[in-house]
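Following: one structure in structure tokens, then a few remarks.
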Amino acid sequence: MVAPAALDFQGSSVDLARALIGAVLLVDGVGGPIVETEAYDAEDPASHSHRGPDARNASMFGPPGHAYVYRSYGIHWCLNLVCREAGHGAGVLIRALEPTEGLDRMRTRRGPVVDLLLCAGPGRVGQALGITPAHDGLPLDRAPFELRPAALRADVVVGPRIGISKAQEMPWRFGLRGSRFVSRRFP
DNA sequence: CTTTCGATGATCT
DNA sequence: GATCATCGAAAGG
């Protein structure tokens, strides 16, 4: 038995975003393997942390290995995993995962959608996993979170991030090659 | 397949 | 007043 390498929350958000593909993320037992992520950093104009700490992004400047939850378009709750050193302001947005655990609870929370769309997008992930502002700042190595590194190095594809107007050209969106559960196809 | 638009509230200019 | 790390429905090709 060989324990899989631990995820490095001290490193860059780009490295973590790539390493998270294939890792299993559960919230209160609901979730599955991550298939899509995006990296954000303090030196990144598209990042919430770019302008420094404030009331919303405080947990992004907190210790690595914790959650940053923000409200998107006044409607959705989206989940990030904080990395680098405390005070830096870097994180990885969880954009999509393959729904494998707690499907019944996901379907209840998401309403009448096909299973393919249960977790295909950051807002959908938040809703399916029951993410709320109460999760903001919580450590990822304890309940209700469970995060298991990918057993094998995943086959990862890269592309530009989605839904941003700044730094659009940066290839900081990562996906599991061939996955049908990503929010959008990769170029 | 594509584009458009309303929802809904915090943040930015 | 405009923008925003979005979603889903509607309308158009």
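Nothing here was measured: the structure is a model prediction, and the numbers come from that model. Letters A, B, ... are given to chains in the order of the sequence lines, protein chains preceding strands, and every chain is numbered from 1. Just so it is clear, the values below take in all heavy atoms, side chains as well, and ignore hydrogens, waters and symmetry mates.
Nucleic acid contact for A:Ile75: base, since at least one base atom lies under 4.0 Å from a heavy atom of the residue. A:Arg184 comes within contact range of no nucleotide atom at all, as no heavy-atom separation falls under 4.0 Å. Contact annotation for A:Arg124: backbone-only contact, meaning every heavy-atom pair under 4.0 Å involves sugar-phosphate atoms and none involves a base. Within 4.0 Å (heavy atoms only), A:Gly123 reaches sugar-phosphate atoms of the nucleic acid but no base atom. Contacts of A:Ser165 with the nucleic acid, taken as non-hydrogen atoms under 4.0 Å apart, involve only primed sugar atoms and P, OP1 or OP2.
The phosphate of C:dC7 has neither OP1 nor OP2 within less than 4.0 Å of any side-chain N or O from A:His76. An OP1 or OP2 oxygen of B:dT13 is reached within less than 4.0 angstrom by a side-chain nitrogen or oxygen of A:Arg51. The side chain of A:Arg173 places no N or O atom within less than 4.0 Å of a non-bridging phosphate oxygen (OP1 or OP2) of C:dA5.
Distance, A:Glu36 CD to C:dT6 P: 10 Å, rounded to whole Å. Distance CG (A:Asp44) to P (C:dC4): 14 Å, rounded to an integer number of Å. Rounding to whole angstrom units, NE2 of residue A:His50 and C1' of B:dT13 are separated by 16 Å. Straight-line distance from the CD atom of A:Gln168 to the C1' atom of C:dC4: 13 Å, rounded to whole Å. Atom OH in A:Tyr73 sits roughly 13 Å away from atom C1' in B:dC5 (whole-Å rounding). One atom, CG of A:Leu93, and another, P of C:dC4, lie 16 Å apart when rounded to the nearest Å. Regarding A:Met60, its CE atom lies at a distance of 15 Å from the C1' atom of B:dT11, rounded to whole Å.
Place A:Ser72 and A:Lys166 on DNA chain B by their nearest nucleotides, and A:Ser72 ends up nearer the 5' end. Map A:Arg71 and A:Asp54 each onto its nearest nucleotide of DNA chain B; the residue landing nearer the 5' end is A:Arg71.
Here the side chain of A:Glu36 pairs a donor or acceptor atom with the backbone of A:Ser183 at under 3.5 angstrom. Distance alone, capped at 3.5 Å, is enough to place a donor-acceptor pair between the A:Asn57 side chain and the A:His48 backbone. No donor-acceptor pair under 3.5 Å is formed between the side chain of A:Arg110 and the backbone N or O of A:Met106. With hydrogens and angles ignored, the 3.5 Å screen pairs no side-chain donor or acceptor of A:Arg107 with any backbone N or O of A:Leu118.
One finds the CD atom of A:Glu38 at 9.5 Å from the CZ atom of A:Phe174 (value rounded to the nearest 0.5 Å).
Distance from the side chain of A:Val113 is smallest for C:dG8 among the nucleotides C:dG8, C:dT6, C:dA5. Closest approach to the A:Tyr40 side chain among B:dC12, C:dA5, B:dT8 is made by C:dA5 (side chain taken as heavy atoms from C-beta onward). Here the nucleotide nearest the side chain of A:Ile164, chosen from C:dT6, C:dG8, C:dA5, is C:dA5. Side-chain proximity of A:Arg56 to the nucleotides C:dT6, C:dG8, B:dT11 is greatest for B:dT11.
In this model, a side-chain donor or acceptor of A:Tyr70 finds a partner on the base of C:dA5 within 3.5 Å.
In this structure, B:dG9 forms a base pair with C:dC4, meeting either the Watson-Crick or the G-U wobble geometry with both donor-acceptor distances under 3.5 Å.
By the 4.0 Å N-to-carboxylate-O rule, A:Lys166 lies too far from A:Asp44 to be salt-bridged with it.
For the P atom pair drawn from B:dT2 and C:dA5, the interatomic distance equals 23 Å after rounding to whole Å.
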